[in-house]
Engineer: 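Can you read through this structure? Questions will come right after.
As the structure is a computational prediction, the values presented were derived from the model and not from experiment.
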Amino acid sequence: MLLEDLYVVIKVAEFRSITAAATNLDMRTATASAAIKRVEAHLGVELFIRTTRQLRLSSAGEKYIPQCEQAILMLEQAKQNMKGELDIIDGDLRLSVSSDLGRNVVIPWIDNFMDTHAKVSLRVSISDTNVDFYRDSVDLALRYGSPNDANLYGFKICNVPRLICASQSYLHQHGTPKHPQDLANHNALLYQLQNLTHDIWEFNQGDDSIKVKVSGNRVANDADLVRRWCVSGKGIAAKSCLDMAHDLLANNIVTIMSDYQVKSTELWLIFPSRQSITPASRLLRDMLKQKTRELLQQLIAKGILDKSVLD
């Protein structure tokens, strides 16, 4: 019996679907189905009860698969321990990252990381939609905001203030808002995620909280496009300081209304489980922490951020 076939069986049990398991494992459905048949033939029992509408564990499957999962976990942990002791950094990093952060900030860092660790390969999914580890073929995700699923495991990379940004050309033509309420007279560049348009911008000044409904003639479900519109003078954007860092440092855009703090966020590297954390992904985590800290320090040195962001 092949070890690879057992991986397929465990995934099918997890998803309760041969097709979904095959997608997650990046293989054809027929290949996954054949793996199940080989394991069942070897054991002499059916692990799954299949109907035209659903798939569920048989009584034999309910007893066998949990023990099989434990055995696989032990083998994987032994393998990772061995690699860690031998300083072997290899493997396939299947990473999901948001559009603007990925294209313009993180991917160049990862390219350098892979130049140093030549045995590491990368499969990257660039999308602003929330990752589903049970549906998407990814092993780790770099996302704004802490994990909201107790079953996931993550590392905080850094604090991420949000900023109100515009180009000098836009401000020369339309004036500079001084107070959040002034945004009603300006063109907001809006971001949409899962059919929800983020047109309520929240500000804090001391103990006071101000919520403003903004509007504009441009809405995108791609954060990178919102950034590009901002740089080209099409309006005002509320953006992550990491997304806008290079444009801020190059003076392509400026921050406005600095007396009012926009609700901040955090950057997290998220895994489906502790067992999925490999030596390569740990090194990637450390690299991301170092690189984001360096970028934040540059923004602090230019007076764009306060040094408290590093706390």
Engineer: Classify the side-chain pair Lys302/Asn251 by whether it contains a donor and acceptor separated by less than 3.5 Å.
Structural biologist: yes

Engineer: So does Asp207 have more than 12 non-hydrogen atoms from other groups sitting under 6.0 Å from CG?
Structural biologist: no

Engineer: Taking atom types as modelled and ignoring hydrogens, do the side chains of Ser98 and Tyr144 form a donor-acceptor contact shorter than 3.5 angstrom?
Structural biologist: no

Engineer: Return the orientation label for the His186 and Tyr170 ring planes: parallel under 30°, perpendicular over 60°, tilted otherwise.
Structural biologist: tilted

Engineer: Got a salt bridge between Lys178 and Asp182, using NZ or NE/NH1/NH2 to carboxylate O under 4.0 Å?
Structural biologist: no

Engineer: Say whether Glu294 and Gln290, considering side chains only, have a donor N or O and an acceptor N or O under 3.5 Å apart.
Structural biologist: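 The answer is yes; a qualifying pair exists.
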
Engineer: So do the side chains of Trp268 and Ile157 get within less than 4.5 Å of each other, counting heavy atoms only?
Structural biologist: no

Engineer: According to a 4.5 Å side-chain heavy-atom criterion applied to Ile, Leu, Val, Met, Phe, Trp and Tyr, with indirect links allowed, do Ile256 and Leu299 form part of one hydrophobic cluster?
Structural biologist: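 No, separate clusters.
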
Engineer: A side-chain contact here means heavy atoms from C-beta on lying under 4.5 Å apart; do Ile164 and Phe203 qualify?
Structural biologist: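 Side chain of Ile164 against side chain of Phe203, heavy atoms only: contact under 4.5 Å found.
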
Engineer: Between CZ of Arg143 and CG of Leu269, what distance do you get to the nearest 0.5 Å?
Structural biologist: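 So the CZ of Arg143 and the CG of Leu269 are separated by 11.0 Å.
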
Engineer: Please tell me if the side chains of Glu266 and Cys158 come closer than 4.5 Å, counting only heavy atoms from C-beta onward.
Structural biologist: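 The answer is no, as the side chains (C-beta and beyond) never meet within the 4.5 Å cut-off.
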
Engineer: Would you say Asp100 and Tyr191 are linked by a side-chain donor-acceptor pair, where the criterion is simply a distance under 3.5 Å?
Structural biologist: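 No.
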
Engineer: Whether the Ser127 and Ser125 side chains hold a donor-acceptor pair (N or O, under 3.5 Å, no angle test) is what I'd like checked.
Structural biologist: no

Engineer: Using only heavy-atom distances, determine whether the side chains of Asn187 and Asn217 contain a donor-acceptor pair under 3.5 Å.
Structural biologist: yes

Engineer: Are Ser17 and Thr19 close enough that a side-chain donor and a side-chain acceptor fall under 3.5 Å?
Structural biologist: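 There is no such pair between these side chains.
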
Engineer: Within the 4.5 Å heavy-atom criterion, are Leu47 and Leu57 side-chain neighbours or not?
Structural biologist: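 Side-chain contact under 4.5 Å: no.
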
Engineer: Will you find, in the side chains of Ser281 and Thr278, an N or O donor that is under 3.5 Å from an N or O acceptor?
Structural biologist: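 Side chains of Ser281 and Thr278: pair found under 3.5 Å.
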
Engineer: Are Tyr260 and Val309 co-members of a hydrophobic cluster defined by side-chain heavy atoms under 4.5 Å apart?
Structural biologist: no

Engineer: Does Lys37 NZ have over 12 foreign heavy atoms under 6.0 Å away?
Structural biologist: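 Incorrect, the count does not exceed 12.
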
Engineer: Can Leu163 be reached from Leu296 by stepping across I, L, V, M, F, W or Y side chains whose heavy atoms are under 4.5 Å apart?
Structural biologist: yes

Engineer: Under 3.5 Å, is there a donor on one side chain and an acceptor on the other for Thr197 and Gln192?
Structural biologist: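 The answer is yes; a qualifying pair exists.
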
Engineer: Less than 3.5 Å apart, any donor N or O on the side chain of Asn221 or Asp128 sitting next to an acceptor on the other?
Structural biologist: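 No, because no side-chain N or O of Asn221 sits under 3.5 Å from a partner of the opposite role on Asp128.
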
Engineer: Once you measure the plane-to-plane angle for Tyr153 and Phe155, does it fall in the parallel (<30°), tilted (30-60°) or perpendicular (>60°) bin?
Structural biologist: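 Tyr153 vs Phe155 ring planes: perpendicular.
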
Engineer: Quickly, which of Leu93, Val97, Leu142 forms a side chain to side chain contact (heavy atoms under 4.5 Å, CB included) with Val124? Name it, please.
Structural biologist: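 Of the listed options, the one satisfying the test is Val97.
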
Engineer: Are more than 12 heavy atoms, taken from residues, nucleotides or ligands other than Arg50, located less than 6.0 Å from that residue's CZ atom?
Structural biologist: yes

Engineer: More than 12 heavy atoms of other residues, nucleotides or ligands under 6.0 Å from NZ of Lys263: is that the case?
Structural biologist: no

